[in-house]
Amino acid sequence: MNNRINKLFQEKEKNILSVYFTAGYPKLDDTVPVIQELVKNGVDLIEIGMPFSDPVADGPVIQGSSLVALQNGMSVHKLFEQLKDIRKLVDIPLILMGYINPVIQYGVEAFCQKCGEIGIDGLIIPDLPLSVYEEEYKSMFEANNLHNIFLITPQTSDERLRRIDEASSGFIYMVSSNSTTGAKEGVTDFQNSYFERISKFGLKNPCLIGFGISSAETFRNACQYAHGAIIGSAFVKALGADLSLNMKVSQFVKTIATNV
Amino acid sequence: MDYQVNRKGYYGEFGGAYIPEMMVPNIEELEARYMEIMHSYDFKQEFVSLLKNYVGRPSPLYFAKRLSEKYQSNIFLKREDLNHTGSHKINNTIGQILVAKKLGKTRIIAETGAGQHGLATATVCALMGLKCIVYMGAVDVERQAPNVKKMRMLGAEVISAVSGNQTLKDATNEAMRDWINNPVDTYYIIGSVVGPHPYPDMVARFQSVISEEMRWQLEEQVGRENPDRIIACVGGGSNAAGAFYHYLDQENVELIGVEAAGKGVDTNETAATITLGTPGVLHSSRSILMQTDDGQITEPYSISAGLDYPGIGPLHAHLFKTGRAKYLWATDAEVLDSALELTQMEGIIPALESAHALAVLPKIKLRPEEITVINLSGRGDKDMETYLKHFGY
C-alpha cells in the first residue's frame with residue numbers, strides 16, 4: 001500500500017507547505033474543521049498536534065495551545081474519535097505529532113494500529129529516541145504503514161545524519177535553528193549555511209524545514225534549500241484570533257503561500 | 001541483583017534518554033566523557049579538596065541520644081544540613097561544575113524547587129566565575145524567598161517559571177527549553193537523580209560520598225560498617241541515592257525512602273509518586289510518575305518545595321520494583337510535628353524535606369539493638385516562615 005507522504009513527494013518536489021496545529025484548539029471540536037479548512041486552502045500536508053502537559057521542545061505559543069486543548073478535554077482517545085471518519089473528508093497526508101508519554105499510556109502497538117485504521121500516514125515524536133524506536137517500535141510502525149519522521153538540527157553530526165537518513169522513511173524534519181518551536185524569528189546567515197550544508201549532503205530522504213517559519217519570506221527562503229517547509233507556532237497564533245475559522249485559515253494560508 | 005545503571009543507561013526497565021534531537025549532541029558528549037572525567041586524577045583531587053575545605057566534609061554522623069531514648073533504639077543523623085549552603089545539594093554541584101569546566105562550558109543553568117539546588121549551583125558558579133541562570137517555579141520563588149535573595153546576591157539570575165503549577169516540574173521544563181535554545185556554551189546542572197542518562201548515574205555518584213562516609217563513621221563509632229536501616233526523604237531522590245549508594249549490595253541493610261504525601265495519599269494534593277504513580281516518561285527518562293490515564297502529568301502538591309515533584313529518579317523506581325528499597329510516605333501534618341520534635345529534642349531545626357524522613361519513625365518497628373541512620377539532608381533556615389506560620393512563635 002502506498003503511503004500518502006511518499007505520493008506527495010513523488011508528485012511535488014518543491015514548495016511543499018506543511019501546517020501544524022494543536023488538536024482541540026481553540027475549541028475541542030475544531031480539530032476536523034481546521035483540517036478541512038487547511039485542505040480547502042491548498043495545504044499539502046497537515047501535522048495534528050497531540051497536546052501534552054509538559055512539552056519541553058515547545059515555545060510559549062504551542063505550550064499555550066496545548067494547555068487550552070487539555071483544558072478543553074482533548075486526549076488521545078478523544079482525538080481518535082474525532083478523526084475516525086477523516087478519510088471520507090480529506091485525502092492529503094496526515095501526521096500526528098506529540099510526545100511519547102501519552103502514546104505509551106495508550107499502548108504503542110494499539111496506538112499504531114488505530115493510526116493505521118484511521119488512515120494516518122506518519123508520526124513525529126520528538127522525545128522518542130532513534131535507538132528505542134529501532135529496537136522496540138519499528139515493526140509496529142511498519143505493520144501499520146506509518147512513517148516515523150525524525151528531526152535533525154544544526155548540531156547534528158554528519159555521522160548521525162547518515163544514521164537518521166538510513167532509519168527514515170517519508171521525509172526528514174529539518175529543525176531550522178537551535179531552539180524550541182516558535183522561539184526565533186527571521187533567518188540568519190548561520191541558518192542558510194546550515195541549510196546549504198544539508199541540501200548538499202545528499203540525503204536520500206526529502207527534507208522539510210520547520211521551526212521559525214512564520215511568513216511568506218521565511219517560507220520562500222526555506223523552500224530554496226528543501227522540498228518545502230513546516231509552519232506551526234505562527235498558524236497556532238493565528239488560530240487564536242477572534243475571527244471565524246474559515247477566515248482565520250484562509251487569510252493565514254494566503255499570507256504564506258503568495259508568490260510561490 | 002544489579003542496582004547499577006547498565007551500558008544503555010537503564011536500571012532494569014527504568015532510565016534511558018528520551019530526549020529531543022536538539023539535546024542529543026550535549027547528552028552524547030556528556031555520556032561519552034563523564035566517567036573519564038570523574039576518574040581523572042585532576043578531577044578527583046579538586047573534587048575531594050573542595051568537599052573537604054570548601055563544603056566542610058566529612059559531615060558529622062551524630063548519635064541522637066534523646067531521640068533514640070524516645071524511640072527506644074539507636075538513631076544516628078547524617079548531618080548533611082551542616083554542609084556549606086545548608087544541604088546535600090552542594091556535593092553534586094561541586095562535581096558537575098568541574099565537569100562543566102572540563103567540557104569548556106561557560107554558562108550554567110539549573111532548576112530548583114526549594115532553592116537548595118539553585119543556591120548550591122549559584123554558589124559554585126560564583127566560586128568558578130561562571131554565569132548562572134536558575135529556573136524556579138513562581139510559587140516556589142514566593143515560598144522560598146530567602147534562598148531567592150541568596151542566589152541573587154551570589155550573582156545568579158533567578159527566572160520565575162510561570163507555566164503549569166509553577167513548581168519544580170515547570171522549572172525543569174524551562175531549564176530544558178533553555179538548553180535546547182543554547183546548546184553550545186551552556187551546561188545544565190541537574191539537581192537530582194532524574195533526567196536523561198547519564199545524569200541519574202552521575203548525580204548518584206557525586207552524592208555517594210554520603211554513604212561512603214557513613215561506612216567508616218559507623219565503624220569508628222559502633223564498630224560495624226553496616227547499620228540495620230537507612231531512612232531518607234525522596235523527591236527526585238538524590239540524597240536518598242547518596243545515602244543508599246554504598247549499601248545497595250548489602251541486602252541486610254534495610255533502605256527506606258520517604259515520599260511527600262502532602263495532604264494525604266487519598267487526596268489530590270500529594271506528591272507520593274511511587275505510592276500513587278505508574279510507569280511513564282517524564283523529563284527524558286522512563287520511571288514512575290503521577291499521571292492521568294491519558295498520560296498527562298498530574299500537578300503534585302507538598303508543603304515542601306523540594307519534594308513537590310510528580311516523578312522520581314529511575315534508580316528508585318528500580319529499587320522499588322525489585323523490592324530492594326521500601327517507599328513510605330509522610331503527610332504535611334506529620335512532617336511539621338517531626339520537625340518540631342527534632343528541634344526541641346536535639347536542638348536541630350531540619351528542612352521540611354528532611355523532616356519527612358524523621359516522620360516515619362513512629363510508623364516503623366525499631367528494635368532496641370538496631371541502628372538506624374537518618375539522612376538529615378538539609379537545614380530549616382529556608383523554611384522558617386512556614387514553621388513560624390504553623391507553630392505561631
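What you are looking at is a predicted structure, and each value in this text was computed from that prediction instead of being measured.
- Side chains of Q105(A) and D293(B) form no contact here, defined as non-hydrogen atoms less than 4.5 Å apart.
- Heavy atoms closer than 4.5 Å to chain A are found nowhere in D178(B), neither backbone nor side chain.
- Among the residues in residues 146-153 of chain A, those with a non-hydrogen atom closer than 4.5 angstrom to a non-hydrogen atom of chain B are L151(A), I152(A), T153(A).
- Annotation: maximal heavy-atom pairing with chain B below 4.5 Å, among L128(A), I125(A), D127(A), V103(A), occurs at D127(A).
- Within residues 183-202 of chain B, the residues having any heavy atom closer than 4.5 Å to a heavy atom of chain A are P183(B), V184(B), listed by residue number.
- Put simply, the side chain of Q155(A) never gets that close to the backbone of E21(B): no donor and acceptor are under 3.5 Å apart.
- At a 4.5 Å heavy-atom cutoff, E299(B) makes no contact with chain A through either its backbone or its side chain.
- The two residues S163(B) and Q63(A) come nearest to each other via the heavy atoms CB-OE1, 4.0 Å.
- Contact of M74(A) with chain B is made through the backbone alone, with heavy-atom distances under 4.5 Å.
- Y18(B) contributes atom OH, which lies 7.5 Å from atom CD1 of I100(A) (distance to the nearest 0.5 angstrom).
- The minimum heavy-atom distance between V132(A) and Y10(B), with the atom names listed, is CG2-OH, 3.8 Å.
- Heavy atoms only, all atoms of each residue included: A17(B) and P129(A) are closest at O-CG, 3.3 Å.
- For the residue pair T180(A)/N181(B), the side-chain donor-acceptor check at 3.5 Å is satisfied.
- Other residues, nucleotides and ligands contribute more than 12 heavy atoms inside 6.0 Å of the CD atom of E36(B).
- Nearest heavy atoms, P102(A) versus Q296(B): CG-NE2, 4.1 Å.
- Residues meeting the salt bridge (Lys or Arg N to Asp or Glu O under 4.0 Å) test with R162(A), sequence neighbours left out: none.
- Although no hydrogens or angles enter the test, the distance criterion places no donor-acceptor pair under 3.5 Å between the side chain of S75(A) and the main chain of D294(B).
- Looking at Y106(A), neither its backbone nor its side chain comes within 4.5 Å of chain B, counting heavy atoms on both sides.
- Within 6.0 Å of atom CD in E166(A), 12 or fewer heavy atoms from other residues, nucleotides or ligands are found, so the atom counts as exposed in its surroundings.
- Residue contact with chain A, scored on non-hydrogen atoms closer than 4.5 Å, is absent for A175(B).
- Around atom CG of D158(A), more than 12 heavy atoms belonging to other residues, nucleotides or ligands sit under 6.0 Å away.
- Between chain B and the options I104(A), L70(A), T156(A), the largest number of non-hydrogen pairs under 4.5 Å is found for L70(A).
- With a 4.5 angstrom heavy-atom cutoff, I19(B) touches chain A only via backbone atoms.
- Scanning for side chain to side chain donor-acceptor pair (under 3.5 Å) contacts around E117(A) gives an empty result, with sequence neighbours left out.
- Side-chain polar atoms of N101(A) and Q291(B) form a donor-acceptor pair below 3.5 angstrom.
- Residues R177(B) and V56(A) come closest through the heavy atom pair CG-O, 3.0 Å.
- Minimum heavy-atom separation, A57(A) to M22(B): CB-CE, 3.8 Å.
- Atom CD of E142(B) sits in a sparse spot, with 12 or fewer heavy atoms from other residues, nucleotides or ligands closer than 6.0 Å.
- Counting heavy-atom pairs closer than 4.5 Å to chain B, the top residue among P154(A), P126(A), S131(A) is P126(A).
- Contact annotation for P51(A): only backbone heavy atoms (N, CA, C, O) come within less than 4.5 Å of a heavy atom of chain B.
- Here the CD1-CZ distance, from I180(B) to F211(A), works out to 8.0 Å after rounding to the nearest 0.5 Å.
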